[in-house]
Number of protein chains: 2
Amino acid sequence: MQNSAFKRGSTEPEPSPMHRGTNQSGMREHNERLVLSLVRRHGSLAKSDIARMTRLSAQTVSVIMRQLEKDGFLLRRPPQRGRVGQPSIPMALNPDGAYFIGLKIGRRSAELVLIDFVGGIRSTHRLPYRYPDPGTAVDFVASSIRELRTALTPEQDSRIAGLGIAMPFQLWNWADAAGAPRMVMDEWRHRDIRSDIQALCDFPVYLDNDATSACGAELVFGKSNDLRDFVYFYIGAFAGGGIVLDGRLYSGPTGNAGALGSMPVPGPNGAPVQLIDLASITVLEKALDAADRDASPLWSSPQDWGDLGPELDIWVEKAGTALAYAIVSAASVIDFEAAVIDGWMPAAIRQRLVEAVSHALPRIDAEGLNLPTVREGTIGVNARAMGAASLPLSERYLVGAMSLPTNV
Amino acid sequence: MQNSAFKRGSTEPEPSPMHRGTNQSGMREHNERLVLSLVRRHGSLAKSDIARMTRLSAQTVSVIMRQLEKDGFLLRRPPQRGRVGQPSIPMALNPDGAYFIGLKIGRRSAELVLIDFVGGIRSTHRLPYRYPDPGTAVDFVASSIRELRTALTPEQDSRIAGLGIAMPFQLWNWADAAGAPRMVMDEWRHRDIRSDIQALCDFPVYLDNDATSACGAELVFGKSNDLRDFVYFYIGAFAGGGIVLDGRLYSGPTGNAGALGSMPVPGPNGAPVQLIDLASITVLEKALDAADRDASPLWSSPQDWGDLGPELDIWVEKAGTALAYAIVSAASVIDFEAAVIDGWMPAAIRQRLVEAVSHALPRIDAEGLNLPTVREGTIGVNARAMGAASLPLSERYLVGAMSLPTNV
DNA sequence: CAATAATAAATAAGAGTGAGTTATTTATTG
DNA sequence: CAATAAATAACTCACTCTTATTTATTATTG
């Protein structure tokens, strides 16, 4: 079953489904994005560094970067002395160069953040609910945006470059049978939430899977940007994933790439089950409920779960093994450099989970594969909302997504 | 364990591991490749068609295509009358526009083919052996190339644009314990066969996994070019695979993407085994041996295996189920549009195998996934050698592989 | 049924843009 | 003060775009 909302969209119609040619403005745009991408990855770089890396002439880089500085995307840093020759002037991203809105629509709450060009959170809005409902969600977005925009100067306001939505794929399917009326959940199935929110905004609106978005946050704002290709797991209420190929978030032809929660892994009795059935936080919740332990910290305090007893240990062990199988399967498809694991959990638990995966991995038959190294994610609980905000950023300012330079 | 030979190489040193900028010649080259890619995909196209598809101006397309025609890459077809306005002149690929050499190094034989710009096989050279040995292989390549080049006019000879090698990953590991001396097989581990062959050639030499190469043949010469993203299985002595993303063969950071033979799938007793242990032709061979049937047609007559009895039926069933699991796992990583299955087997068997997969697929839990459609490959037994030849073609004439336009 | 209009492909001439080249300036270390 | 390296200025060159023109066909009309 396909989610009609999951056709990534921008503000412009794209009448040509095919490849497009390149002209001078496309070339310039590509080179500008390249400069911004390199500066983002390295923190700060001198014009001469960029020229060497890109093989563009020093003059060309000079022109491009002066323009980017003039446009407020780059800032000069103190000249670097100590080596022969004129000191180089490192250029860094200007945090105020552009702003982005990230919207996470979850099963228990919606969250909207305003972030700056380097991923700093400038404001946060939150709406908890028993179950999500499209009308309420759109109202929340409308009022939150109105509120945050009034707090900005006109100059800042004009620099809001886009909004991204992170939402579970097939939200209606995974809804809690408990609280959610069937009819409300079915609304999600047919409603094009992206268009509804686009109607509120004069900047482009993008939508992607929540775990894929979280992966985008890791790529754009995290410390994993030394990696060109990695597979990413976000362990939330349900386990999900994302894919980075050639340094770009890859969400696939239908937007459902990195649907790692649906990966078949060996189950307790030998029969295959889905990763989601072993590595989700709801699985831990059920185990705690069955043991008459209080599971509420799982949702309310992701920074510290307190003592959850042996149920946690068992979950970490089983989830880690399941993730290890998923990693081997993913490595059979793409020879990822790394597997990055993050989630809605305390950093200490995340670390234990990564250790469990690292421990289980060598016990799986991986003959013929180059196994990825396993790493912790570096964003944490905010990854989905920040990832949502990273979507317009990537689309507009990085060499990414549809990145062949196109006509303008 | 990593195969040092599996660093895809070209004839030029690539000192910059990073992204490169675009300049005018890069822009022109990109647009030329785009034209050739579109003409290849559609069979023939008028200049005006290309202009509409690429959004380039008619004049630009006119200039580019007249140049490509002058350079011998495009041919005029009869004008298309019947509609209002000046008749359009479709342009098609000139088969003699460029030639490519494909080399397959297998476990039982090496094969070298010369193909033209549209995939026509112009000559074939074959060397059967009990086990592969690097020295013999290089000698075979040297003499075959010498021979085929003397049969070409100087004009044709100068149009040989590259050579591709298709070779199993970790050839030494899968070697038949029977015939192959350990020492000879170990030579493969350390020898850089690509460089050795590059030394014989004045055109660039590429190397890729054999199944990945076969996938490239399907993409470039097959009838699967309506697909932007697909997963490909080549069932040879061992099962292997390849990946196509955004219309380009993706071989991954280490060249080991699409290592689908190593995919864990449920085994006969519940414990996971690798796909290779269920869906390889060697598995069928062993079953035939155990039943005292003659397995030799498997290798000697891939066009017609004759009657192989119930062992074949069992193998098709088991291999089909295993492939179905591998497809679901792959679909969890990337939401491929299609799964294409080809191999060293008669077309009728390939068809039965695809049916077995299609039958097994709906019985696997694929909640949350968009399952790809299952298709037969359209190249068949020659896929690996032709795929090898497709590597330099893609690299040089299609928007592909390292396809961001770069400086020249 | 010719004459003319409409349509679309293809091309020509010239403008505009952006990267490359060469030479120059600037600021530092040795 | 020489050597080195960053940064920039002036100018050239390549390639696409725009506008106008030519060409070949089908459709329309008196």
Side-chain angles (χ1 to χ4, degrees), chain A residues 19-35 39 44-71 74-92 404-408, chain B residues 19-35 39 44-71 74-92 404-408:
Chain A
H19 309 274
R20 288 172 69 175
T22 308
N23 57 14
Q24 271 106 329
S25 55
M27 176 169 71
R28 174 57 165 266
E29 193 196 300
H30 174 75
N31 288 338
E32 285 179 358
R33 285 164 177 260
L34 189 54
V35 167
V39 172
S44 71
L45 288 171
K47 297 185 178 82
S48 51
D49 294 326
I50 301 269
R52 273 186 293 267
M53 286 171 164
T54 59
R55 304 290 194 86
L56 292 169
S57 70
Q59 175 61 8
T60 297
V61 172
S62 188
V63 169
I64 290 174
M65 291 184 81
R66 269 180 291 167
Q67 186 62 46
L68 287 172
E69 183 186 7
K70 199 174 137 199
D71 291 345
L74 292 178
L75 286 178
R76 276 156 195 276
R77 283 284 171 75
Q80 292 287 306
R81 295 182 172 78
R83 275 183 304 176
V84 176
Q86 172 162 323
S88 68
I89 298 173
M91 307 290 290
L404 285 195
T406 59
N407 299 346
V408 175
Chain B
H19 309 276
R20 288 173 68 175
T22 309
N23 58 13
Q24 273 103 330
S25 53
M27 175 168 73
R28 175 56 165 267
E29 193 195 300
H30 173 75
N31 288 338
E32 285 179 358
R33 286 163 177 261
L34 190 53
V35 167
V39 172
S44 71
L45 287 171
K47 299 185 176 81
S48 52
D49 294 326
I50 300 271
R52 274 186 294 267
M53 286 171 163
T54 59
R55 305 291 195 84
L56 292 169
S57 71
Q59 175 59 8
T60 296
V61 173
S62 189
V63 170
I64 290 174
M65 291 184 81
R66 269 179 290 167
Q67 186 61 47
L68 288 172
E69 184 187 6
K70 200 174 137 200
D71 291 345
L74 294 177
L75 286 178
R76 278 157 194 274
R77 284 284 170 77
Q80 292 286 306
R81 295 181 170 79
R83 276 182 304 176
V84 177
Q86 172 161 324
S88 67
I89 299 172
M91 307 289 289
L404 284 195
T406 57
N407 299 346
V408 174

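These figures come from a predicted structure and were not determined experimentally. In the text below, chain A, chain B and the rest are named by the order of the sequence lines, each starting its count at 1.
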* Asked: side-chain contact (heavy atoms from CB on, under 4.5 Å) with B:V35: which of B:T54, B:L56, B:I50?
  ->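 Result for side-chain contact (heavy atoms from CB on, under 4.5 Å) with B:V35: B:I50.
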Whole-Å gap separating [atom2] ([N]) and [atom1] ([X]):
{"X": "A:Q67", "N": "C:dA19", "atom1": "CD", "atom2": "P", "answer": "11 Å"}
{"X": "A:M65", "N": "C:dA19", "atom1": "CE", "atom2": "P", "answer": "14 Å"}
{"X": "A:Q80", "N": "C:dT29", "atom1": "CD", "atom2": "C1'", "answer": "15 Å"}
{"X": "B:I50", "N": "D:dT16", "atom1": "CD1", "atom2": "C1'", "answer": "16 Å"}
{"X": "B:D49", "N": "C:dA9", "atom1": "CG", "atom2": "P", "answer": "7 Å"}
{"X": "A:R83", "N": "D:dA7", "atom1": "CZ", "atom2": "P", "answer": "11 Å"}
{"X": "A:R77", "N": "D:dA7", "atom1": "CZ", "atom2": "P", "answer": "15 Å"}
{"X": "A:L68", "N": "C:dG18", "atom1": "CG", "atom2": "P", "answer": "13 Å"}

For nucleotides 1-6 of chain C, give me every protein contact, N/O to N/O, under 3.5 Å, one pair per line with atom names.
none

What nitrogen or oxygen pairs link the protein and nucleotides 20-22 of chain D at under 3.5 Å?
none

Closer than 4.0 Å, any side-chain N/O of [X] to the OP1 or OP2 of [N]?
{"X": "A:R28", "N": "C:dT17", "value": "no"}
{"X": "B:R52", "N": "C:dA9", "value": "yes"}
{"X": "A:S62", "N": "D:dT8", "value": "yes"}
{"X": "B:T60", "N": "D:dC17", "value": "yes"}
{"X": "A:S57", "N": "C:dT21", "value": "no"}

* Asked: Closest nucleotide of DNA chain D for A:Q24 versus for A:R66: which of these residues is on the 5' side?
  ->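 Whichever sits nearer the 5' end wins; that is A:R66.
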* Only counting residues at least two apart or in another chain, list the ones meeting side-chain hydrogen bond (donor to acceptor under 3.5 Å, both in side chains) with A:S44. => none
* Indicate the atoms forming the closest heavy-atom contact of A:L68 with A:E32, along with that distance. => CD1-O, 4.2 Å
* Asked: Mapping A:N31 and A:R81 to their closest nucleotides on DNA chain C, which lands nearer the 5' end?
  ->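 Closest to the 5' end, via its nearest nucleotide, is A:N31.
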* Asked: If you look at every strand shown and take non-hydrogen atoms under 4.0 Å, does A:S48 touch a base, only sugar-phosphate, or nothing?
  -> sugar-phosphate
* Among all residues two or more places apart in sequence or in another chain, which pass the side chain to side chain contact (heavy atoms under 4.5 Å, CB included) test with B:R81? ->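 Per chain and number, B:R81 pairs via side chain to side chain contact (heavy atoms under 4.5 Å, CB included) with B:P79, B:P87.
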* To do: Please identify each residue that fulfils side chain to side chain contact (heavy atoms under 4.5 Å, CB included) with B:V63, with sequence neighbours left out.
  =>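 Side chain to side chain contact (heavy atoms under 4.5 Å, CB included) check on B:V63 returns B:R28, B:Q59, B:R66.
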* **A:R76 vs A:M91 side-chain heavy atoms within contact, under 4.5 Å** => yes
* Structure fact -> Separation between CD1 (B:I89) and CZ (B:R77), nearest 0.5 Å, reads 13.0 Å
* Asked: Measuring from A:T60:OG1 to A:M27:CE, what's the distance to the nearest 0.5 Å?
  ->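 If I round to the nearest 0.5 Å, the distance is 8.5 Å.
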* Just compare D:dT16, C:dA9, C:dT11 and give me whichever is closest to any side-chain atom of B:A58. =>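 The listed nucleotide nearest to B:A58's side chain is C:dT11.
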Below 3.5 Å between N/O atoms, which protein atoms pair up with nucleotides 13-15 of chain C? Just atom names and distances, please.
none

